[in-house]
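So that the names make sense, note that chain A is the first sequence line, chain B the second, and so on, each numbered from 1.
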Amino acid sequence: MNVWEGVDPFTEARQFCELWGVGGPVLVDPDGSFARQLGIRGVPTNILVDTDGTVTCVGASTPQALEAAVRRLLGPDAALDPPAGADQWSWNKELDHIGEHVARRIVKEDGTS
Amino acid sequence: MQAVPAGPTEADGQTDARGGGVPVVASGPSCRITGSGPVPYAYHGEVVVGLDPEGVIVDRRTGLAYVACSRSNSVSVVDVERAAVVATGEVGAEPIDISLDTRTGRVFTADARSDQVSVIDTATNEVVTTIPVGSYPAGLEIDEDRRRLYCGDAVGCTMSVIDLDRLERIAAVPAELGAGAIAVDGQRDRVFCVNFVASSVTIVDAERLEVLGQVPLRQGPCAIGVDNASGDAFIADSLASTVSRLDPEAQAVRAELVVPNAPVGLTMGQDGDRLYVANRGDGSVSVLGLDGAEWSRIPVGAAPGGVTEHPTRRGRLLVANAGSGSVTVVDDLLEGPPPTVLEEVEHPLVGRPLPAIPLVDLWTEELRDLGEWAGRKYVVNVFASW
């Protein structure tokens with residue numbers, strides 16, 4: 001759920017999703033009214049919901065906290081499949097990748113090389 | 001620390017900073033709030049400024065605050081006592097950070113998407129010149145003793161050095177990808193440039209403008225302050241939800257302080273016994289002792305970033321809230337570590353049903369609501385692009 005973009009929220013959110021490779025449904029809450037109704041005061045925030053629609057966790061923004069919260073939601077016997085290539089994944093490699101994307105995006109917007 | 005008398009509050013310490021009368025809660029799963037008794041802060045007001053405000057600075061001569069509004073490409077001038085915007089001036093594209101030279105009365109903004117620093121004359125609130133810097137400038141800091149302005153160039157991977165009087169870029173010191181936030185230790189002739197993408201800090205000899213070292217940090221460092229007594233630097237690691245305490249002599253992190261969620265802003269308290277950390281993911285400012293103990297947590301607007309302490313009113317904080325497009329003015333009333341430990345509480349949404357409100361699908365632009373996922377276990381990630 002995208003919130004608080006301020007200017008041109010759909011364009012900004014689409015560019016962000018392309019940059020980060022975000023797939024799946026994305027709902028847009030431009031003025032943050034839904035977030036406010038939920039008592040969400042910042043980003044990023046994760047909301048975990050059980051099968052009966054009950055919220056089990058709010059927050060869990062670091063990878064470690066999210067994994068722990070998902071494990072609690074799914075139960076002790078559930079298997080969490082790591083994403084493809086996870087064994088070779090590292091924050092620094094990912095951030096380098098993001099940096100390259102950001103640099104390319106800025107160069108493209110400026111029309112310079 | 002002297003207690004700061006509360007100004008004309010719009011809301012007392014137990015209600016929403018925006019005066020809505022809504023009980024304030026933090027938003028993390030392991031949130032801690034004060035126990036019974038009065039809260040150790042008092043709101044002075046909340047001022048609506050431009051879009052996505054990120055940087056905020058106060059002019060000690062006039063008491064006016066200057067706020068860099070990154071999505072409005074403007075600077076809002078705020079009368080802090082009246083909690084009101086008194087002027088707005090246009091700058092370059094996406095001003096992120098802001099700094100002030102009290103000697104000349106000039107304000108500087110790092111205009112990230114214009115690759116420049118705008119120079120504003122506060123007498124007229126108009127841009128008098130612009131200074132080209134490296135690509136995507138994202139952080140600024142004044143070195144008054146050397147009459148310099150330092151600028152972190154995020155994509156350029158440099159720290160630009162600007163002569164404050166000639167208003168020219170006189171040097172570029174190599175940094176790393178994501179160079180942004182900067183701090184100056186004038187007593188020890190050091191400058192620190194934090195590199196958000198590279199997850200590191202570059203330590204520079206201020207006299208010779210030579211790199212002394214690069215120290216790896218936790219993920220996403222984006223704000224920094226220096227403890228004058230020890231010379232240690234405190235660095236907000238936004239993606240790790242920690243604050244690293246860096247020993248510059250050893251070029252090593254000596255401690256990691258845990259904060260609620262996505263720390264993006266940080267400033268050292270003027271009394272030298274605390275630091276203030278703006279938690280973008282939590283809508284709060286943590287008041288931390290230098291040992292990492294969280295003394296209090298102050299709810300502010302949505303998705304806060306830049307935070308500064310008023311230069312002549314100890315404990316008065318100004319917090320730029322990117323999500324709500326506002327600046328919160330709030331007084332930290334603690335004179336020292338609180339006698340009681342903060343309590344852990346859960347977000348009030350936990351254990352309750354998630355309401356099904358229609359929202360527009362980003363890709364199809366059709367209305368959808370979360371009821372579609374009923375009967376399944378799922379995660380809603382709430383995000384913004386900035």
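In this structure, the portion of Phe34(A) lying under 4.5 Å from any heavy atom of chain B is its side chain and not its backbone. Heavy-atom distances place both the backbone and the side chain of Thr54(A) under 4.5 Å from chain B. In this structure, chain A has a heavy atom under 4.5 Å from the backbone of Arg376(B), while its side chain stays farther away. The part of Ala240(B) that comes within reach of chain A is its backbone (N, CA, C, O), which places non-hydrogen atoms under 4.5 angstrom from that chain. Proximity to chain A (any heavy atom under 4.5 Å) is restricted, for Leu51(B), to the side chain, taken from C-beta onward. When heavy atoms are compared at a cutoff of 4.5 Å, Pro355(B) approaches chain A by way of both its backbone and its side chain. Residue Asp52(B) does not touch chain A at all, counting heavy-atom pairs closer than 4.5 Å. For Arg352(B), the part lying under 4.5 angstrom from a heavy atom of chain A is the backbone only.
Atom CG of Leu359(B) is separated from atom CE of Met1(A) by 6.5 Å, given to the nearest 0.5 angstrom. Considering NZ of Lys377(B) and CG of Leu48(A), their distance stands at 10.5 Å, rounded to 0.5 Å.
Under a cut-off of 6.0 angstrom, the local environment of CD in Glu372(B) is crowded, with over 12 non-hydrogen atoms contributed by other residues, nucleotides or ligands.
Contacts with chain B were tallied for Val22(A), Thr62(A), Val28(A); Val28(A) has the most, counting heavy-atom pairs under 4.5 Å. Of the listed residues (Gly371(B), Gly50(B), Gly178(B), Gly375(B)), the one with the most heavy-atom contacts under 4.5 Å to chain A is Gly375(B). Considering only heavy-atom pairs separated by less than 4.5 Å from chain A, the leading option among Pro353(B), Ala384(B), Ser241(B) is Ala384(B).
In terms of heavy atoms, Leu354(B) sits closest to Ile47(A) at CD1-CG2, 4.3 Å. For the residue pair Val70(A) and Val379(B), the shortest heavy atom distance occurs at CG2-CG2, 4.3 Å. For Arg368(B) against Pro25(A), the heavy-atom pair with the smallest separation is NH1-CB, 3.8 Å. What you find for Pro44(A) and Asn381(B) is that their closest heavy atoms are CB-ND2, 4.5 Å. The heavy-atom pair separating Arg41(A) from Asp282(B) by the smallest distance is CB-O, 3.8 Å. Across Val350(B) and Cys57(A), no two heavy atoms sit closer than the pair CG2-CA, 4.0 Å.
Partners of Asp31(A) under the side chain to side chain contact (heavy atoms under 4.5 Å, CB included) rule, at least two apart in sequence or in another chain, are Asp29(A), Ser33(A).
Of the possible polar contacts, one joining the Trp386(B) side chain to the Trp4(A) backbone as a donor-acceptor pair under 3.5 Å is found.
Looking at Asn2(A) and Phe383(B), their side chains come closer than 4.5 Å, going by heavy atoms from C-beta outward.
Under the side chain to side chain contact (heavy atoms under 4.5 Å, CB included) test applied with Tyr378(B), the options Asp50(A), Leu73(A), Val49(A) reduce to a single match, Val49(A). When each of Asn46(A), Leu38(A), Val43(A) is tested with Val382(B) by the rule side chain to side chain contact (heavy atoms under 4.5 Å, CB included), just one qualifies, namely Val43(A). Each of Val360(B), Leu362(B), Val380(B), Leu370(B) was scored for a side chain to side chain contact (heavy atoms under 4.5 Å, CB included) with Leu27(A), with one residue passing: Leu370(B).
Side-chain contact annotation: Glu5(A) with Ser385(B), donor-acceptor N/O pair under 3.5 Å present.
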